[in-house]
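Okay, structure first, notes after.
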Amino acid sequence: MTRSRRPAPPRRKEVASAGLLVAETLAAHGLGEAIRAQRIAAEWPQLVGERIARRAQPDGVRHRVLHVRVASSAWMHELGLLKPQLLAALWSALGEPRMFDDLAFSLAGRTRGPNERPGVAPARRPSAPPPRTPVAADGPARARIAAEAAHVEDDELRALITRVRTRHDR
C-alpha cells in the first residue's frame, strides 16, 4: 500500500528568512488566513487598547466582516462612533491583504441566530404565568362584604366596592 504525498516545493538556491518560509508553508497548506484570523483574537488588547478590549471581543470574520461582541448598548454606540478609527488601526496593524472590510457590533448577551452557528438553538425567554381567574364571593362571604361596605356613605363608591370585592372574593 502506497501513501499519496504532496509534491515537495522546489528547493531554493538562495537563503530565505524563516518568516518567509513559514508564510509560504502556511499558504501552501491553506492555513494563512486561519492563522491571521487567530491573530486578531490573540492580539485584541494590543490592537484596540485595554479599555475597549475589556468591553468588546472579536467573534470571527464572516463574509469579510469582523464581528465584535460588545458588553452593553452604550459601548456598542461608542464603538459605532469610533468605527472608522478602529478599522484604520486594525487594517494598519494586521497588514495586507485585508481580511475584512467592515466591523459589525452586537450585544454579548444576545443569542446568536440559527444561521450564525450550527446546532445552537435560540434562547427562549420564560413566559409570564397565566393571570389568576377571580373567584366570585357567594353565600356568607357575599353577606360579609355587603355588611362591611354598608359603612361607606357615598352610594356610588359603596356599590363599586361591593361589586369589586364580590367579584374577587376579598
Side-chain angles (χ1 to χ4, degrees), residues 1-135 164 167-170:
M1 181 164 105
T2 60
R3 282 181 16 180
S4 64
R5 296 181 61 190
R6 292 182 186 222
R11 290 192 163 252
R12 293 180 172 270
K13 293 184 181 175
E14 72 279 352
V15 176
S17 71
L20 177 64
L21 294 174
V22 169
E24 287 178 357
T25 303
L26 290 173
H29 293 287
L31 298 173
E33 288 302 308
I35 297 295
R36 288 183 70 210
Q38 288 300 316
R39 183 176 163 211
I40 295 171
E43 297 177 12
W44 186 249
Q46 293 81 21
L47 293 171
V48 297
E50 289 292 330
R51 182 173 163 254
I52 292 174
R54 282 194 303 268
R55 293 163 182 94
Q57 291 297 312
D59 195 31
V61 177
R62 293 182 292 283
H63 307 291
R64 301 203 44 87
V65 175
L66 174 60
H67 293 264
V68 178
R69 295 288 202 178
V70 184
S72 69
S73 59
W75 269 96
M76 192 159 62
H77 178 73
E78 175 87 15
L79 294 178
L81 296 173
L82 294 173
K83 187 176 182 178
Q85 293 93 326
L86 285 171
L87 275 170
L90 289 167
W91 289 336
S92 173
L94 296 171
E96 294 291 334
R98 287 184 181 171
M99 294 173 46
F100 52 88
D101 299 319
D102 198 9
L103 292 172
F105 303 107
S106 61
L107 288 176
R110 297 271 171 96
T111 59
R112 300 168 199 264
N115 295 332
E116 288 187 44
R117 295 277 169 100
V120 177
R124 296 188 68 185
R125 291 185 180 197
S127 59
R132 286 185 10 194
T133 305
V135 178
V164 170
R167 184 178 301 151
H168 297 282
D169 194 14
R170 290 196 181 114

### Summary
Rounded to the nearest 0.5 Å, the CG atom of Asp102 sits from the NE2 atom of His67 at a distance of 9.0 Å

### Task
Would you please name every residue forming a side-chain contact (heavy atoms from CB on, under 4.5 Å) with Ser72, sequence neighbours left out?
Ala74, Trp75

List, one per line, each side-chain donor-acceptor pair under 3.5 Å for residues 40-56, sequence neighbours excluded.
{"residue": "Glu43", "atom": "OE1", "partner": "Arg39", "partner atom": "NE", "Å": "3.0"}
{"residue": "Glu43", "atom": "OE2", "partner": "Arg39", "partner atom": "NE", "Å": "3.2"}
{"residue": "Trp44", "atom": "NE1", "partner": "Ala56", "partner atom": "O", "Å": "2.7"}
{"residue": "Arg55", "atom": "NH1", "partner": "Arg51", "partner atom": "O", "Å": "2.9"}

### Query
Quick one: does Arg64's side chain have a donor or acceptor within less than 3.5 Å of a partner on Arg98's backbone?
yes

### Query
Atom CG in Leu66, atom CG in Asp59: separation rounded to 0.5 Å?
9.0 Å

### Summary
Interatomic distance, CD@Gln85 vs CG@Leu90, rounded to 0.5 Å, equals 11.5 Å

#### Entry: Minimal non-hydrogen separation, Phe100 against Leu94, with atom names
CE2-CD1, 3.8 Å

### Task
For residues Arg69 and Leu107, report the shortest heavy-atom separation together with the two atoms involved.
NH1-O, 3.1 Å

### Query
Measuring from Glu78:CD to Lys83:NZ, what's the distance to the nearest 0.5 Å?
14.5 Å

### Query
Would you say the side-chain atoms of Trp91 pair up with the backbone N or O of Glu96, donor to acceptor, closer than 3.5 Å?
no

